[in-house]
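Read through the structure below, which is laid out as structure tokens, and then see the notes.
Sequence lines set the chain letters: A, B, ... in the order given, protein chains first and strands last, and positions in each chain run from 1.
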Amino acid sequence: MPLLFALVDCNNFYVSCERVFDPKLEGKPVVVLSNNDGIVVARSNEAKALGIKMGVPEFQIRHLIRRYNVQVLSSNYALYGDMSQRVMDTLAQFTPNLEVYSIDEAFLSLSGFTSRDLTDYGRTIRTKVKRWTGIPVSIGIAETKTLAKVAAWRAKRCKDAAGVFDLTACQDRDVLLASIPAEDIWGIGPNYARLLTLHGIQTALDLRMADDHWIRKRMGVVGARIVQELRGVSCLPLEECPAPKQGITVSRSFGRPVTTVAEMKESVAFYTSRAAKKLREERLAVTVLTVFLTTNTFKDEPQYSNAATIKLPVATDSTSDLLRYALPGVERIFREGYRYKKAGVMLTALVPASQVQVDLFDHQDRDRSRRLMRTLDGLNDCIGAGTLRYAAEGMTQHWKARFERRSPAYTTNWRDLPVAKAS
DNA sequence: TCTGGGGTCCTAGGACCC
DNA sequence: TCTGGGGTCCTAGGACCC
């Protein structure tokens with residue numbers, strides 16, 4: 001049976017989520033900012049048309065924001081995560097063979113659907129997602145994942161495609177590939193793009209016809225796979241069951257520079273507590289913990305960054321245990337006299353929580369700790385994150401990031417539920 | 001003044017062993 | 001001048017993704 005993939009890609013996802021609950025944003029240039037209102041992470045088509053690039057710091061586009069009345073929003077991950085779940089649930093109605101690739105993208109297997117008109121089927125999916133969730137999507141269909149990405153690229157840019165493009169029905173595939181810059185191909189980043197340009201490989205078509213040995217030598221197996229996929233040879237299977245996580249990181253830039261060890265420990269305690277909660281949600285335990293901190297590398301001032309990695313004597317998923325190792329780690333690497341910008345915690349060497357090896361000399365009451373964590377998580381899930389927290393996380397948390405233009409948690413907090421008014 | 005956060009996979013090279 | 005060879009494991013760093 002020939003393989004067939006569809007890539008469903010939410011258009012300007014974060015902006016679209018905001019528009020569902022605030023229709024006044026429709027038709028206007030809109031951008032969504034990263035944590036700390038730092039850089040642009042999503043743009044409406046109108047904002048793209050103004051030349052606002054992905055990843056640009058907000059302060060560099062203030063003149064455009066003012067001149068064109070660009071609507072600026074802080075990111076609202078509670079909202080986007082919930083909307084993503086709704087989109088994925090809707091897609092799951094169409095096929096059991098679904099890979100949730102990112103917050104705003106999913107691959108569907110359409111193998112075995114070859115007798116249907118695939119473009120029509122794509123339109124059905126698109127219409128249903130829009131009706132059920134309010135989110136517009138683009139859909140690309142092809143015989144490999146990389147080509148499905150190409151097809152979605154075309155679906156998004158070409159008006160007469162009406163959001164769906166089936167590459168298997170395309171008469172002039174080479175013409176299309178020749179119109180796509182190599183750097184727009186999935187897996188080609190800035191470094192490979194530069195390398196390819198130096199060797200006269202400019203377009204997706206050039207890349208498809210590139211010399212295998214050269215690609216293998218300069219871009220490794222990853223590059224070789226991209227070329228094969230462009231040729232229609234599928235190398236990247238649908239991953240329906242996500243592999244268990246290999247690491248959990250929680251890190252944030254501070255809302256203002258941190259200069260004291262007391263504040264640094266508060267922030268790391270907060271990140272540790274968030275990481276531990278994620279760990280429990282994944283039913284994992286950790287054996288290696290790393291804390292790190294750094295000054296602001298964009299600034300012309302004394303720089304310092306360091307990390308401490310701690311091997312835990314016993315795998316654990318308890319916040320208390322992790323704090324006991326993380327905070328002395330901070331003490332060890334903190335140096336007075338610097339203005340710190342960012343800190344974080346990484347949990348690595350994860351093991352299933354059910355397979356925790358108990359140390360013979362470990363006399364703690366694990367059951368008691370487990371009950372404590374269950375109560376903590378239950379309360380915070382129910383009443384709101386941070387309702388019950390460790391004193392080490394601090395009371396004032398002045399170092400926390402800014403979200404000055406955040407929209408309400410429309411879908412995940414009763415208090416923020418949108419109200420329909422008769423006019 | 002102001003520049004995100006969280007991941008994955010692959011490869012080269014060193015340590016170590018026989 | 002000449003300085004073993006090969007396997008395995010681990011880590012750091014580089015590339016990419018959204």
Side-chain angles (χ1 to χ4, degrees), chain A residues 7-14 31-43 52-63 65 72 74-77 80-81 84 99-107 145-146 149 152 182-196 215-226 229 235-236 239 242-257 271 274-275 278-279 282 288 290 292 294-301 307 309 311 339 341-350 400-406:
Chain A
L7 174 68
V8 180
D9 191 345
C10 300
N11 299 342
N12 314 330
F13 183 55
Y14 297 170
V31 298
V32 175
L33 302 179
S34 66
N35 263 349
N36 226 3
D37 294 343
I39 63 170
V40 171
V41 294
R43 307 157 294 157
I52 297 174
K53 302 278 182 238
M54 191 72 168
V56 71
E58 183 265 353
F59 72 88
Q60 286 176 9
I61 55 162
R62 253 171 229 172
H63 60 289
I65 292 171
V72 179
S74 303
S75 43
N76 183 344
Y77 290 106
Y80 312 148
S84 173
E99 174 187 343
V100 177
Y101 175 68
S102 73
I103 194 166
D104 70 337
E105 281 175 68
F107 287 102
K145 283 180 161 182
T146 304
K149 279 270 198 182
E183 65 185 30
D184 286 356
I185 295 301
W186 192 36
I188 305 298
N191 285 289
Y192 286 155
R194 202 173 321 118
L195 176 71
L196 292 173
I215 293 286
R216 180 66 182 80
K217 190 153 158 273
R218 305 301 298 270
M219 296 170 64
V221 295
V222 176
R225 276 202 287 256
I226 294 170
E229 286 245 323
C235 305
L236 305 168
E239 313 267 9
K245 274 193 195 304
Q246 298 187 7
I248 290 172
T249 303
V250 177
S251 72
R252 298 278 185 281
S253 293
F254 301 124
R256 57 160 177 71
Y271 307 144
R274 295 296 296 259
K278 283 196 202 181
L279 197 60
E282 301 278 337
V288 175
T290 302
F292 59 92
T294 180
T295 49
N296 190 344
T297 52
F298 288 103
K299 289 208 164 173
D300 186 20
E301 56 184 39
T309 297
K311 174 101 179 65
R339 291 158 57 81
K341 173 63 181 168
K342 182 177 180 173
V345 173
M346 288 171 63
L347 309 181
T348 50
L350 307 181
K400 267 207 175 172
R402 295 179 299 265
F403 290 90
E404 283 166 9
R405 287 161 282 201
R406 175 136 72 187

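Atoms CG (A:D184) and P (C:dC17) sit 10 Å apart, rounded to a whole Å. One interatomic measurement links the two molecules: NZ of A:K217 to P of B:dT11, which rounds to 14 Å at whole-angstrom precision. In this structure, CD of A:E183 is placed 16 Å from C1' of C:dC17, rounded to the nearest angstrom. The distance from atom NZ of A:K145 to atom P of C:dC18 is 12 Å, rounded to the nearest whole Å. Rounded to whole angstrom, the span from the CD1 atom of A:I226 across to the P atom of C:dC17 amounts to 8 Å. Taking atom CD1 of residue A:I185 and atom C1' of nucleotide C:dC17, one finds them 15 Å apart after rounding to whole Å.
In this structure, A:Y80 and A:D104 have side chains that are not in contact, with every pair of non-hydrogen atoms separated by 4.5 Å or more.
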### Chi angles and distances behind the side chain to side chain contact (heavy atoms under 4.5 Å, CB included) call for A:E58, A:V40
CA-CA 6 Å; A:E58 183 265 353; A:V40 171; 5.6 Å; no
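The main-chain N or O of A:L33 is found under 3.5 Å from a side-chain atom of A:S75 such that the two form a donor-acceptor pair. A donor-acceptor distance shorter than 3.5 angstrom exists from the side chain of A:E229 to the backbone of A:T146, with no hydrogens or angles considered. Between the side chain of A:S34 and the backbone N or O of A:V41, no donor-acceptor pair lies under 3.5 Å.
Here, C:dG4 and B:dG14 have their P atoms 16 Å apart, quoted to the whole Å.
The partner of B:dC18 is C:dG5, judged by Watson-Crick or G-U wobble contacts that both fall below 3.5 Å.
Ring pair A:Y101/A:W186 is perpendicular by interplanar angle, where above 60° counts as perpendicular and below 30° as parallel.
A salt bridge does not link A:K341 to A:E301: none of the charged nitrogens lies less than 4.0 Å from a carboxylate oxygen.
A close approach under 4.0 Å does occur between a side-chain nitrogen or oxygen of A:R225 and OP1 or OP2 of B:dC10.
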Atom pairs under 3.5 Å: protein N/O with N/O of nucleotides 14-16 of chain B:
none

### Task
For each nucleotide in nucleotides 2-8 of chain B, reading 5' to 3', give B when a protein heavy atom comes within less than 4.0 Å of its base, S when such contact involves only the sugar-phosphate, and - otherwise.
BBBSSSS
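Note on A:L33: nothing from the nucleic acid sits closer than 4.0 angstrom, heavy atoms only. No engagement by A:F13 is indicated, since no non-hydrogen atom pair under 4.0 Å with the nucleic acid exists. A:V56 comes within contact range of no nucleotide atom at all, as no heavy-atom separation falls under 4.0 Å.
To the nearest 0.5 Å, atom CD1 of residue A:I185 and atom NZ of residue A:K149 are 10.5 Å apart.
For A:R274, the CZ atom sits in a loose shell: 12 or fewer heavy atoms of surrounding residues, nucleotides or ligands are nearer than 6.0 Å.
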